[in-house]
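Here the structure comes first, spelled out in structure tokens, and everything after it is commentary.
Below, chains carry the letters A, B, ... as their sequence lines are ordered, and counting in each starts from 1.
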2 protein chains.
Amino acid sequence: MPSEPAPRGSAPPDAVLRRLSGYARLTPEEEALLRQVTARPVLVPARTELVRDGEAAPRPQVLVEGWACRQRLLADGRRQIVVVLLPGDLIGLDLRRRSLPFGSVAALTQAQICEASPLRERAAAHGTAPGHETGLAAALRQAREMEEIWLVNQVVRLGRQTAYERVAHFLLELRERLAAVDRVHDDRFSFPITQEVLADALGLSVVHMNRTMQQLRRDGLIEQRATAITLRDVPALVSIADYAITDRAGAPGA
Amino acid sequence: MPSEPAPRGSAPPDAVLRRLSGYARLTPEEEALLRQVTARPVLVPARTELVRDGEAAPRPQVLVEGWACRQRLLADGRRQIVVVLLPGDLIGLDLRRRSLPFGSVAALTQAQICEASPLRERAAAHGTAPGHETGLAAALRQAREMEEIWLVNQVVRLGRQTAYERVAHFLLELRERLAAVDRVHDDRFSFPITQEVLADALGLSVVHMNRTMQQLRRDGLIEQRATAITLRDVPALVSIADYAITDRAGAPGA
DNA sequence: CGATATGTTGACTTTAGTCAACCAGTGTGG
DNA sequence: CCACACTGGTTGACTAAAGTCAACATATCG
């Protein structure tokens, strides 16, 4: 697990701060804490395992840059990606009481990670007034609620939608989530994963995934160039996928 | 929403107490509170909607008897059951900050429900020392963690398992969960749902569901009589489903 | 006794998976 | 420089899993 310095690129900085302050008003101290926590990201290559499956008390981490996922492997090698993690997402922030098969967490691309225990500690110490949490504690709770929504979305996609619908739905979810960290412009965003990964996320074979993407392209719904994707007709995609907007904060206007 | 008295049957009483005390040691006061909360269950018929989808702040409830589910409906009528809820399960215990599409909660059978706000309040007031919650607060957290595991299980079933494997996996999960509330004897338990419900839970058509159950029966893996089911060969089912035991508490010995 | 709900069956269609090959881009070492 | 291996995307031919439609069976219930 290499730990190079911190190649802060041209990308919109501090996805984590952006995410969390979209969920609740943070105090200046909390913002400072966030900046401090994300100041020295560790660079890890794709496929790095960030949390082992069943690990009892994974250290809290934040994903500052790059994509990752929670996944579960079956004995015969089949893989199911449970949820994709994007810049600004939290990993292992809720402390866990037992060793349970939540799935492992792995980087899907090269990624920048930060240790985030201070966030958990600060949230536990402040703003946990029953019924009306404030600041960081409220934001972390909201982040957890969003992750639960993504899980429910995933269940519905896998259980009741066709391949075509699944991809449309998934792309819309990505757009919404990435918009919340200011990484979508004109319905275009970075899309750094292979069709194999996509297939494992959406419960399809690679070949069928490929054909489904082609169909979406032919239908003028998406456009892919290099490692970026453009959603060319969001209303049509929404209609195909029966997509319900969840996050008002990350709406187009941003 | 009828509210008849409280037909305490012959069933093992107080599934909720059993569940929660399996997760953490409760104080006598907490046990008393649980008994008090579950003393006067409300009887609701099958199909009662207990929580509407997107409801901002559902009241906390506990399912004392009967089965229910969280589900999401697509515009064209397709239904996906996200998670099945069993006696002792909690509904809407985590307070929610926004109105989000978590899915609606509905009774699958006639069910007994209790208002459970006192549990949330007590847990918020006591035992929330950061990092090492105690008593009820710890038990509620554990219950939440278990529900997340069930969601992950559901994703893996739907995304990467065949119909046959899905059913095997689901039955094993039910067995484990029901065992935790002492409702499994000799791998036999009450199974009060129709094949249509099962199909909506496992992302299959009713017809295919039917054929898959038949196959499991023919293979001597399960036996159904009236509204009860027996798992005749748990090790074989575990092997077919690639099932990972999650809950040591609810193991056979009980 | 119909009326309804659930389970079952057969015939057929559709969706998605499998296998194998091939292509384009990339990078490597000789 | 080129042969080579490697990855990721693409294609065609075929198979298998699951869905659809329609009919029928069975049970319960008022």
Side-chain angles (χ1 to χ4, degrees), chain A residues 45-47 67 74 76-81 107-110 156-170 190-219 222-229 240-241, chain B residues 45-47 67 74 76-81 106-110 157-170 190-219 222-229 240-241:
Chain A
R47 280 165 212 199
W67 290 26
L74 299 190
D76 62 1
R78 281 176 285 181
R79 165 170 83 155
Q80 178 63 46
I81 290 178
L108 290 171
T109 66
Q110 174 175 281
V156 174
R157 277 193 292 260
L158 296 175
R160 281 294 180 234
Q161 296 198 293
T162 64
Y164 196 73
E165 294 166 338
R166 278 180 221 184
V167 177
H169 197 282
F170 185 62
S190 165
F191 194 69
I193 55 177
T194 65
Q195 294 186 351
E196 188 188 354
V197 168
L198 208 42
D200 281 342
L202 296 179
L204 300 168
S205 67
V206 185
V207 172
H208 198 58
M209 190 70 243
N210 180 285
R211 289 179 171 137
T212 306
M213 292 299 281
Q214 287 182 53
Q215 191 61 49
L216 284 160
R217 267 182 251 137
R218 261 182 265 121
D219 294 346
I222 64 173
E223 194 176 314
Q224 254 183 303
R225 270 194 349 273
T227 60
I229 194 168
I240 287 162
Chain B
R47 285 171 207 193
W67 291 25
L74 299 190
D76 62 1
R78 280 176 287 181
R79 166 171 80 156
Q80 178 61 46
I81 291 179
L108 290 172
T109 68
Q110 176 176 281
R157 278 193 293 260
L158 296 175
R160 281 294 180 234
Q161 295 198 292
T162 65
Y164 197 73
E165 294 166 338
R166 279 180 220 185
V167 177
H169 196 280
F170 185 62
S190 165
F191 193 70
I193 55 176
T194 65
Q195 294 186 349
E196 188 189 354
V197 168
L198 208 42
D200 282 341
L202 296 180
L204 300 167
S205 68
V206 185
V207 172
H208 198 59
M209 189 70 242
N210 180 285
R211 289 182 171 134
T212 306
M213 292 298 281
Q214 288 182 53
Q215 191 59 48
L216 284 159
R217 270 183 249 135
R218 261 182 265 120
D219 294 346
I222 65 173
E223 194 176 314
Q224 253 182 303
R225 270 192 351 271
T227 60
I229 195 167
I240 288 161

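What separates CZ of A:Arg225 from P of C:dA24 is a distance of 21 Å, to the nearest Å. D:dT20 atom C1' lies 17 Å from atom CE of B:Met209, rounded to whole Å. In this structure, B:Arg160 places its CZ atom 11 Å from C1' of C:dA16, rounding to the nearest Å. Rounded to whole angstrom, the span from the CZ atom of A:Phe191 across to the P atom of D:dG9 amounts to 10 Å. If you measure from atom CG of B:Leu108 to atom C1' of C:dT6, you get 15 Å, rounded to the nearest angstrom. The nearest whole Å value for the distance from the CZ atom in B:Arg166 to the P atom in D:dA18 is 6 Å. Separating the CD atom of A:Glu165 from the C1' atom of C:dT15 is a distance of 12 Å, rounded to the nearest angstrom. Taking atom CD of residue A:Gln224 and atom P of nucleotide D:dG8, one finds them 14 Å apart after rounding to whole Å.
Which of C:dT8, D:dA18, C:dA16 sits closest to the side chain of B:Arg217 comes down to C:dT8. Relative to the side chain of B:Arg47, the nucleotides C:dT6, D:dT20, C:dG17 differ in distance, and C:dT6 lies closest.
By the salt bridge (Lys or Arg N to Asp or Glu O under 4.0 Å) test, B:Arg225 pairs with B:Glu223, sequence neighbours left out.
For the pair B:Leu158 and A:Gln80, the minimum side-chain heavy-atom distance is 4.5 Å or more.
A donor-acceptor pair under 3.5 Å is formed between the side chain of B:Thr109 and the backbone N or O of B:Trp67. Remark: the backbone N or O of B:Arg166 is not paired with any side-chain donor or acceptor of B:Arg157 at under 3.5 angstrom.
Between B:Gln214 and C:dT9 there is a side-chain polar atom (N or O) within less than 4.0 angstrom of OP1 or OP2. Taking side-chain N and O atoms only, B:Asn210 has no distance below 4.0 Å to OP1 or OP2 of C:dG7.
Here the closest heavy-atom approach between residue A:Ile240 and residue A:Glu165 is recorded as O-CG, 3.6 Å.
Using a 3.5 Å distance cut-off with no hydrogens or angles, the side chains of A:Arg218 and A:Gln215 do pair a donor with an acceptor.
A donor and an acceptor atom never sit less than 3.5 Å apart when one is taken from the side chain of A:Arg211 and the other from the base of D:dG9.
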Run the side-chain donor-acceptor check on residues 191-204 of chain B: report pairs under 3.5 Å with partners two or more places apart or on a different chain.
| residue | atom | partner | partner atom | Å |
| --- | --- | --- | --- | --- |
| B:Thr194 | OG1 | B:Glu196 | N | 3.4 |
| B:Thr194 | OG1 | B:Val197 | N | 3.3 |
| B:Gln195 | OE1 | B:Asn210 | ND2 | 2.9 |
| B:Asp200 | OD1 | A:Arg160 | NH2 | 2.8 |
| B:Asp200 | OD2 | B:Arg79 | NE | 2.8 |
| B:Asp200 | OD2 | B:Arg79 | NH2 | 3.2 |

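Within a heavy-atom distance below 4.0 Å of DNA chain C, the residues of residues 192-207 of chain A found are A:Gly203, A:Leu204, A:Ser205, A:Val207.
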